[in-house]
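Chain naming here is simple, since letters A, B, ... match the order of the sequence lines and numbering starts at 1 in each. None of these values were measured; they are calculated from a predicted model. Only this structure's heavy atoms are used, side chains among them; waters, hydrogens and symmetry mates stay out.
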Amino acid sequence: MNVADKKRLLREMLFARRFEERCYEAYVERKIGGFLHLYPGQEACVHGVMEAARPGYDYVITGYRDHVHALKCGSDPKEVMAELYGKETGSSKGRGGSMHIFDVKHRFMGGYALVGGPFPLAAGMAKAIKMKGGDEIAICFLGDAANNQGTFHESLNMASVWKLPVLFVCENNLYGIGTRINRSTAVVEQYKRACAYDIPAAHADGQDIDAVYTAAKVAVDHVRGGNGPYFLELRTYRYRGHSMSDAGAYRTKEEQSEWAQRDPIVILRDRLMTAGALTDEEFKATDTAVLDAIENAIIPFCERSPDPRVEELEKYVLAENDPYVKGEAQ
Amino acid sequence: MAEMMYWQAIRRAHDEEMARDPLVFCMGEDIGVAGGTYKATQGLYDKYGPERVIDTPISENGFTGLAIGASFLGARPIVEIMSVNFAWLAMDQLFNSAAKVRYMSGGQLTAPVVVRSPGGTAHQLGAQHSARMEKVFMGIAGLRVVTPSNPKQAYGLLKSAVRCDDPVFINEHELMYNMKGEVPDSEYFHPLEGSEVAREGRDVTLFGYNISVHWCLQAADILSKQHGIEAEVVDLYALNPLDRAGIRRSVTKTHRALIAEEAEPAVGVGAEVMAIVNEECFFELDAPPVRVSAANVPIPYAHNLEKASIPSAKDVVAAVLKMLGKK
């Protein structure tokens, strides 16, 4: 990655951070309801991996902590925020909410609530890619706790046996809601579990975008080269609770403080400043521009967008006017 | 028209759809090299190869989810789950992913996957191999459920299900694979909604689906020949959605309704049809609707107990006579 790329990534990660923080405020204001799972602390993971992959070309899928994955794939932040606001202009027309951001035109294939649900879906997308003969890959981003779900084992096994072009990225933030990984999982270092399925694996520092990018490049090249699946564990941390309903009392102050010293945005910013590629004024100006874009373009768009029409409650359950439902030959 | 067996009809639909569209593929346990437990995919492995006729590991939720994911990108998978008892394992992906993805995405994404699985009680296969689970599948918005009662439906429903853009669950029956029936020679697409009058009548409507259609037809024959009662038999090949208009039409004509189902009564097809009769044509009824269902027990192994636990044409006849106040 050159300096221009890194500055762009810094801007993107900063935007993601401010976007998520604004979601927090909107939730407290009751503009956003339901469950809200925020990404601060983990920005380098999706930004580093997708920088090594091809956003909008490769197919990406993840769990419920999905806003920033959608943004990095190319989603319009206005549509993502409008979805959180439950508006008709939202990416899922208000039908999905925070956990179900979808943006198929950018090949962001969803946010899913069932932990581990995306594993087989990702393997399946890889199967279709292989059948169609293209060079896209499927990328599944899930957390450490998802690796204990049956679907993890079934999907990694099938991806390996059938040599499917899928990259499994584990954003290991050490917790499944309030249960620390060492209490729930026999093998704590997640990359070690992939060998049970004969899948090559590696781990990297998820807070350092350069480290993530370097590891992701190896992973993406392996998968895109037709060598089958790859498993990449990124060691990271979420600065907020699991969701807005979570007080986070189960994490020690020491642990939180330790990880707070390793903010992915600060790490990249400082690296660029040390290299003389960025000044403090530039950074502050970027921050101001980001905050301005959110407050003066995105939020007003959401506020003035209409609610979905209640008359359309039953739309999108099944296909409309599908001739095969009536049994007519095409 | 040609006569063929239920399994041959299913196989023919697979072959035609796979020949036409290179993105149609099938997967399931032992469907490839072994030709399928029910022969529904016999010979397809040699013809289309291992990338399109896939022997899966024993991972029902995983491979059903994999098929769903493939369908997001335009593949058209036909998944065979060897027995509906094992389909419980795939509920997560079928219900949480396939059935909901169109709605959750505001119409951006669909999961045009077909899952076929035989249910029903066969020959002393025991409690974990004899379940009737159509009731579970039919309750979910976003998942179409159809159930063929003869080879023509087995062929035509699978053809339509593959082409339809919705996820479809096809509930087959363990005992029906060798059933013979006429199937059109030319390509035929059976509707995925509606119902069919299998026998016209006027004194009572007998609703059946899948194997119970045949009990109803046998019962109708006995009722006509021995009791002078003319029963109309309606084949509910579509379980989700059920054919409200067809149900109303027949009950409006006969004024009496009986539902024959192989499953336990609770929350079943019988319960649903009774609710629909209530809602659509209550005032047409001359008698309360009746359901003839299986006993509310896991299916026993002993032959006599197994026989006693599921209904037959005899039970349908007795129920009709009781309904009409005759002996």
Side-chain angles (χ1 to χ4, degrees), chain A residues 59 61 83 88 90-97 99-100 102-105 109-114 116-132 136 138 150-151 153-155 157-159 161-162 164 308 314-319 322-330, chain B residues 22-23 25 50-52 54 56-75 77 89 92-93 96-97 99-110 112-113 141-144 156-157 159-166 187-194 241:
Chain A
Y59 292 90
I61 196 167
E83 183 59 31
E88 181 67 31
S91 40
S92 298
K93 300 192 163 62
R95 269 74 171 173
M99 297 185 281
H100 306 301
F102 285 77
D103 186 2
V104 174
K105 66 186 179 296
M109 310 301 278
Y112 294 81
L114 275 290
F119 288 123
L121 298 173
M125 292 196 290
K127 168 67 182 169
I129 289 166
K130 195 170 177 183
M131 287 179 84
K132 290 161 102 175
E136 304 98 313
T151 45
H153 304 279
E154 295 180 23
S155 304
N157 181 54
M158 288 185 292
V161 163
W162 297 330
L164 300 177
E314 300 193 16
K315 218 168 136 87
Y316 312 122
V317 177
L318 292 167
D322 189 320
Y324 294 100
V325 169
K326 300 275 184 274
E328 287 147 26
Q330 276 287 40
Chain B
L23 291 180
F25 71 98
E51 296 287 310
R52 295 181 66 197
I54 303 172
T56 61
I58 305 174
S59 304
E60 279 81 3
N61 198 31
F63 68 67
T64 300
L66 189 147
I68 294 165
S71 77
F72 286 172
L73 267 55
L89 296 156
D92 160 43
Q93 288 296 329
N96 290 314
S97 301
K100 296 184 185 178
V101 85
R102 185 191 291 274
Y103 200 83
M104 294 196 294
S105 70
Q108 290 180 66
L109 201 55
T110 179
V113 65
L143 178 66
R144 291 191 176 276
L157 287 170
K159 292 277 288 182
S160 296
V162 171
R163 305 260 186 120
C164 173
D165 288 337
D166 294 319
E187 204 176 40
Y188 167 66
F189 294 92
H190 197 289
L192 298 172
E193 289 183 355

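The pair A:Glu314-A:Arg95 fails the salt-bridge criterion, with no side-chain N (NZ, NE, NH1 or NH2) lying under 4.0 Å from an Asp/Glu carboxylate O.
Qualifying side chain to side chain contact (heavy atoms under 4.5 Å, CB included) partners for A:Ala319, counting only residues two or more places apart in sequence or in other chains: A:Asp322, B:Arg102, B:Asp165, B:Asp166. A:His100 is linked by a side-chain hydrogen bond (donor to acceptor under 3.5 Å, both in side chains) to nothing, counting only residues two or more places apart in sequence or in another chain.
Proximity to chain A is absent for every atom of B:Ser71, based on heavy atoms less than 4.5 angstrom apart. Contact annotation for B:Asn61: both backbone and side-chain heavy atoms come within less than 4.5 Å of a heavy atom of chain A. B:Ile54 touches chain A through its side chain: at least one heavy atom from C-beta onward sits under 4.5 Å away, while N, CA, C and O do not. For A:Phe119, no part lies near chain B; criterion is any non-hydrogen pair under 4.5 Å. Only the side chain of A:Leu114 comes within less than 4.5 Å of a heavy atom in chain B; its backbone stays farther off. Both the backbone and the side chain of B:Phe63 come within contact range of chain A, with heavy atoms under 4.5 Å apart. Heavy atoms closer than 4.5 Å to chain A are found nowhere in B:Pro112, neither backbone nor side chain.
Taking CG from A:Asn157 and OG from B:Ser59, the interatomic distance works out to 6.0 Å, rounded to the nearest 0.5 Å.
In this structure a side-chain-to-backbone donor-acceptor pair under 3.5 Å is present from B:Ser105 to B:Leu109.
Between chain B and the residues A:Met99, A:Lys326, A:Lys130, A:Glu83, the largest count of heavy-atom pairs under 4.5 Å involves A:Lys326. Listed options B:Asp92, B:Leu66, B:Leu23 were ranked by heavy-atom pairs under 4.5 angstrom with chain A; first place goes to B:Leu66. With chain B as the partner, the residue from A:Met131, A:Lys93, A:His153, A:Met109 showing the most heavy-atom pairs under 4.5 Å is A:Met131. For the options A:Ala138, A:Gly150, A:Gly117, A:Gly124, heavy-atom pairs under 4.5 Å to chain B are most numerous at A:Gly124.
A ring-centre distance under 6.0 Å is found for A:Tyr112 and A:Phe102.
Proximity of B:Gln108 to A:Asp103: side-chain heavy atoms (C-beta onward) are separated by under 4.5 Å at one or more points.
Between A:Pro120 and A:Ser155, the shortest heavy-atom distance links the atoms N-OG, 3.0 Å.
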